[in-house]
Amino acid sequence: MSIAVIGGTGMNQWPGLDVQQHRVIETPYGAPSAPLLIGKVYGVQAVFLARHGEGHSLPPHAINYRANLWALRKAGVKSVVAIAAVGGIAPWFPPAAVAAPVDLIDYTWGRAHSYSDGSSAQLQHVEFGEPYSSRVRRELVHAALAARIDIVDGGVLGVTQGPRLESPAEIKRMKRDGCDMVGMTGMPEAGLARELALDYACLALSVNWAAGIGAGDIHAEIAQSIEQGMAKIRSILERALPVLDALDQ
Ligand code: HPA
């Protein structure tokens with residue numbers, strides 16, 4: 001087993017996955033958000049994890065990110081594609097657009113964000129100069145281009161605590177900081193993946209304009225753009241997973 005997809009809002013299930021096994025994994029950090037669904041999709045063996053739980057009930061700050069990533073590694077995963085519905089801040093990131101962000105800023109607080117928590121002998125200061133795997137990013141971008149789907153190769157994801165959406169002034173500050181998009185689950189997920197030496201990248205789908213940027217109602221925008229956007233995500237995965245699988249062998 002080499003590839004995992006972590007599905008977020010809008011991808012709580014993976015209808016294309018022919019599930020062969022529901023694996024309930026216990027970790028030293030507790031239980032993951034959901035059982036790992038292991039099966040065949042697009043001709044490869046893959047694992048799916050519903051980040052917000054099977055009933056989409058776990059809010060971003062209550063997700064057990066440590067257990068999630070630990071369970072994936074325990075299942076033998078090497079590469080992780082994290083799907084994230086986000087708000088667009090940059091003018092080039094309207095609803096239904098897709099990006100493979102290259103960097104991030106962590107605004108979250110109070111989350112169990114590291115395996116180096118003082119309980120084990122090994123203190124690790126992992127490098128984060130390149131928060132996302134360039135190898136996985138490259139394959140996602142190539143797959144999108146091959147499927148004739150526009151994708152932004154880059155962008156900075158700002159990760160907020162949620163579950164409430166941001167205020168306009170918070171988004172203005174994030175824009176000044178250099179954020180191009182805003183989500184609530186990108187951290188500590190990416191940092192923990194790095195601590196476990198998993199090759200992790202994100203496919204970000206803009207589902208609304210961030211607060212104060214668009215004129216419309218955010219929830220209406222999300223409802224409108226999520227289906228169209230997730231169809232693009234599935235097409236990208238269809239091309240990318242066989243390539244990533246071959247690279248991981
Ligand atoms: N802000 C934070 N997270 C989000 C948003 C947003 O506007 N849209 C989807 N996830």
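Numbers for residues simply follow the sequence, beginning at 1. Each ligand, and each atom within it, is numbered from 1 in the order the structure gives. Note that this is a predicted model, so its numbers are computed, not measured. What you see below is based on every heavy atom in this structure, not just the backbone, and it leaves out hydrogens, waters and symmetry mates.
- The residue from V81, I83, N68, L72 that alone fulfils the side-chain contact (heavy atoms from CB on, under 4.5 Å) condition with I6 is L72.
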Side chain to side chain contact (heavy atoms under 4.5 Å, CB included) assessment of V207 paired with T9
CA-CA 10 Å; V207 292; T9 302; over 6 Å; no

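- Listed by first and then second residue, the salt bridge (charged side-chain N to carboxylate O under 4.0 Å, His left out) pairs involving residues 168-186 are R164-E170 (not counting sequence neighbours).
- A cation-pi arrangement is present between R73 and W70 under the rule of less than 6.0 angstrom and at most 45 degrees off the ring axis.
- Residues with a heavy atom under 4.0 Å from ligand 1: A85, V86, G87, L165, E166, V182, G183, M184, V207, N208.
- Legend: salt bridge (charged side-chain N to carboxylate O under 4.0 Å, His left out) pairs involving residues 186-211, not counting sequence neighbours, sorted by first then second residue: R51-E189, R135-D199.
- The hydrophobic cluster containing W209, built from Ile/Leu/Val/Met/Phe/Trp/Tyr side-chain heavy atoms closer than 4.5 Å, also comprises I89, I105, Y107, V156, I171, M174, V182, I213.
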